[in-house]
Amino acid sequence: MSTPAQFALVDVNNFYVSCERVFQPRLHNIPMVVLSNNDGCAVARSNEVKALGVKMGAPWFSLKDLALLHGIEAFSSNYTLYADMSQRVVDILRDYAPDLEVYSIDESFLRIEQVLPLHGGGVALGRQMRQRIRLWTGLPVCVGIGPTKTLAKFANHLAKKQAVFEGVCDLNALSRPERQDWMAQTEVREVWGVGNRTARRLAEMDIHTVLDLRNTPPARVRERFGVVMERIVCELRGISCLGLEDITPPKQQIMASRSFGRPVHSVVELREALSAHVARAGEKLRAQQSLAGAVHVFIRTNPFKPDEPQYNASLLVPLPEPSNDSRLLSDAVWVALRKIFRAGFAYKKAGVMLTALSEARRQQHGLFEDTVTRTRDATLMKTLDHLNLHFGRDTIHLAATGTSRDWRMRSANRSPRFTTCWDELPSAH
DNA sequence: TCTGGGGTCCTAGGACCC
DNA sequence: TCTGGGGTCCTAGGACCC
């Protein structure tokens, strides 16, 4: 008999905010947010800011008055820093349980039933992880433990919101009435996989709390909502339906898009931006050793300015044969752009999506293809990627991506890349 | 002046096959 | 009056996640 599964979900509190605070201690207890790309929305909020009622994704410009009043500080996103800190947390967790799924930049699921006895149970294990991550990285985390992923998520929610748990909640350590009590106290919207729409439809069925949903017969849920919700109900009942995805499957689509720092009118600038995006997408594509079968290009004006003329266009360009050569991808982008571009609009955003992906090693080559050229092209791309990896992004790039790039997104207040860039290391005095 | 950037999975419906 | 019973593949759209 094998031990029944136990999952832990470990996530970093206010991740981006916490990363900034590690290297700038003066920010502790100061209300602060980290902004999305282009300094648009607040995507991470400190507890002080959450307490002021600022919602996730609130546009920064609409918070200016509040910010002035309360001294809220805003930082531009510093993904280089966050990615590195994230990796450090994962390395520590993998030491505790090698069976680990990196679910997002600040969350990991762990299979822990094998290691639980070594640490004296879930609560003890969770506390140890918390302490070590705090000591080694400076980041605060919460730990939720339960027999399914959905329950581990729920436990994590309790660990975060309910002070009694002190950051670690193991559902197995609670009595049945206690578990039911917590479920009855928690809104169904908090369940992993239940969004606003579903929550509203559930309310019509008089299902309001986690406990209500748990007690609904799975078959009834399936009728109304489909198989996804049925699985969620089973998971809430302790029947594990979702396994750990410990090997990351290759992406099925790769996207690269950005809003512009200022309105863009010319086809030349759009082409530069799109070439830069497709180059980034191509890099990701080669990194996972895939080929793209088609390139999807889109351009759009600013939907938040309904008074201005609006234009939204996209086009899918199939490639003659699957490829991961940035030059060919860039050509396809140009083909699409020439077709969809209309003069006289103020463009706000442009992007590229690579689709119909396949494995590079399974490529079917043409019978009469020139193998010498093909090998040379592949080597060229490899060299390009190596140079950019070792000497920094954009050390070498397609001329089509332009040189001035003054359409680039805003990033007015980015902190130094403390951990990944020699010139920006923090110094101790 | 000013509103992110990625992804996944499922379902329904249409076209087509025998 | 009456018109089978399976399938597959593709696409668009919706819902969700962080």
Side-chain angles (χ1 to χ4, degrees), chain A residues 9 11-16 33-45 54-65 67 74-79 82-83 86 101-109 149-150 153 156-157 188-202 222-232 241-242 245 248-263 273 277 280-281 284 288 293-294 296 298 300-308 314 316 318 346 348-357 408-413:
Chain A
L9 177 69
D11 87 330
V12 184
N13 307 343
N14 313 331
F15 181 52
Y16 299 167
V33 296
V34 174
L35 302 177
S36 61
N37 277 328
N38 222 21
D39 292 347
C41 305
V43 290
R45 304 153 293 158
V54 174
K55 296 271 179 276
M56 172 71 176
W60 174 237
F61 76 86
S62 71
L63 300 175
K64 288 277 167 70
D65 289 346
F75 286 80
S76 304
S77 297
N78 185 349
Y79 284 106
Y82 310 148
S86 172
E101 170 189 345
V102 177
Y103 177 65
S104 77
I105 193 163
D106 73 328
E107 283 177 68
S108 291
F109 283 105
K149 284 172 114 177
T150 306
K153 264 275 197 188
N156 182 277
H157 173 81
V188 73
R189 175 64 182 83
E190 301 300 335
V191 172
W192 187 38
V194 176
N196 279 327
R197 296 294 286 261
T198 310
R200 242 178 291 148
R201 287 175 60 199
L202 285 168
R222 176 162 196 153
E223 278 170 33
R224 300 269 189 107
F225 298 92
V227 62
V228 178
M229 277 293 288
E230 185 190 25
R231 274 201 289 258
I232 288 172
C241 306
L242 305 168
E245 291 172 24
T248 342
K251 299 254 182 294
Q252 299 174 37
Q253 53 186 46
I254 293 174
M255 191 127 108
S257 72
R258 283 287 180 280
S259 300
F260 298 119
R262 57 155 173 81
H277 296 337
R280 258 196 312 134
K284 293 188 211 169
Q288 68 164 30
H296 199 119
F298 72 87
R300 64 153 44 146
T301 50
N302 190 345
F304 295 105
K305 293 190 167 177
D307 301 341
E308 293 184 3
S314 72
L316 182 74
K348 176 64 180 170
K349 185 173 178 179
V352 169
M353 192 158 73
L354 304 179
T355 60
L357 306 190
R408 267 185 316 190
M409 68 179 188
R410 278 183 293 266
S411 184
N413 191 24

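Relative ring orientation between A:Tyr16 and A:Tyr82 is described as parallel, the plane-to-plane angle staying below 30° on a 0-90° scale split at 30° and 60°.
Backbone-only contact: A:Arg231 has heavy atoms under 4.0 Å from sugar-phosphate atoms and none from a base. Nucleic acid contact for A:Asp39: none, since no nucleic acid atom lies under 4.0 Å from a heavy atom of the residue. Within the nucleic acid shown, A:Ile254 comes within 4.0 Å of sugar-phosphate atoms alone, with no base atom in reach, counting heavy atoms only. Heavy atoms of A:Gln253 sit under 4.0 angstrom from at least one base atom. Backbone-only contact: A:Thr198 has heavy atoms under 4.0 Å from sugar-phosphate atoms and none from a base. Nucleic acid contact for A:Asn38: none, since no nucleic acid atom lies under 4.0 Å from a heavy atom of the residue. In this structure, A:Ala256 reaches the sugar-phosphate backbone alone: every heavy-atom distance under 4.0 Å involves primed, P, OP1 or OP2 atoms, never a base. Nucleic acid contact for A:Trp60: none, since no nucleic acid atom lies under 4.0 Å from a heavy atom of the residue. Note on A:Arg262: nothing from the nucleic acid sits closer than 4.0 angstrom, heavy atoms only.
Atoms CZ (A:Arg280) and P (B:dG6) sit 5 Å apart, rounded to a whole Å. Per the geometry, CZ belonging to A:Arg300 stands 12 Å off C1' belonging to B:dG4, to the nearest Å. The interatomic distance linking A:Leu316 (CG) with C:dA12 (P) rounds to 8 Å, in whole Å. Between the CE atom of A:Met56 and the P atom of B:dG5 there is a distance of 13 Å, rounded to whole Å. In this entry the distance linking CG of A:Asp307 with C1' of B:dT1 reads 15 Å, nearest Å. The CE-C1' distance, from A:Met229 to C:dC16, rounds to 11 Å in whole Å.
Heavy-atom distances to DNA chain B give each of A:Pro250 and A:Phe260 a nearest nucleotide, and the one nearer the 5′ end belongs to A:Phe260. Taking the nucleotide of DNA chain B with the nearest heavy atom to each of A:Asn37 and A:Glu245, the more 5' of the two is matched to A:Asn37.
The phosphate of B:dT8 has neither OP1 nor OP2 within less than 4.0 Å of any side-chain N or O from A:Lys251. Proximity of A:Lys305 to the phosphate of B:dC2: a side-chain N or O atom is located under 4.0 Å from OP1 or OP2. OP1 or OP2 of B:dG6 has at least one side-chain nitrogen or oxygen of A:Ser257 nearer than 4.0 Å. Listed pair A:Lys348 / B:dT3 meets the phosphate criterion, a side-chain N or O lying under 4.0 Å from OP1 or OP2.
The two residues A:Phe260 and A:Asn38 make their nearest non-hydrogen contact at O-ND2, 3.0 Å.
For the 3.5 Å distance criterion, the side chains of A:Arg189 and A:Asn196 qualify, holding a donor opposite an acceptor. For A:Ser76 and A:Asn413, the side-chain atoms include no donor-acceptor pair closer than 3.5 Å.
Under the 4.0 Å criterion applied to side-chain N and carboxylate O atoms, A:Lys348 and A:Glu308 are not assigned as salt-bridge partners. The pair A:Lys149-A:Glu101 meets the salt-bridge criterion, since a charged nitrogen lies less than 4.0 angstrom from a carboxylate oxygen.
For B:dC9, the paired nucleotide is C:dG14, the pair qualifying as Watson-Crick or G-U wobble because both relevant distances are below 3.5 Å.
Nucleotides C:dG4 and B:dC17 are separated by 14 Å at their C1' atoms, to the nearest Å.
Listed candidates were B:dG4, B:dC2, C:dC18. Nearest to the side chain of A:Asp106 is C:dC18.
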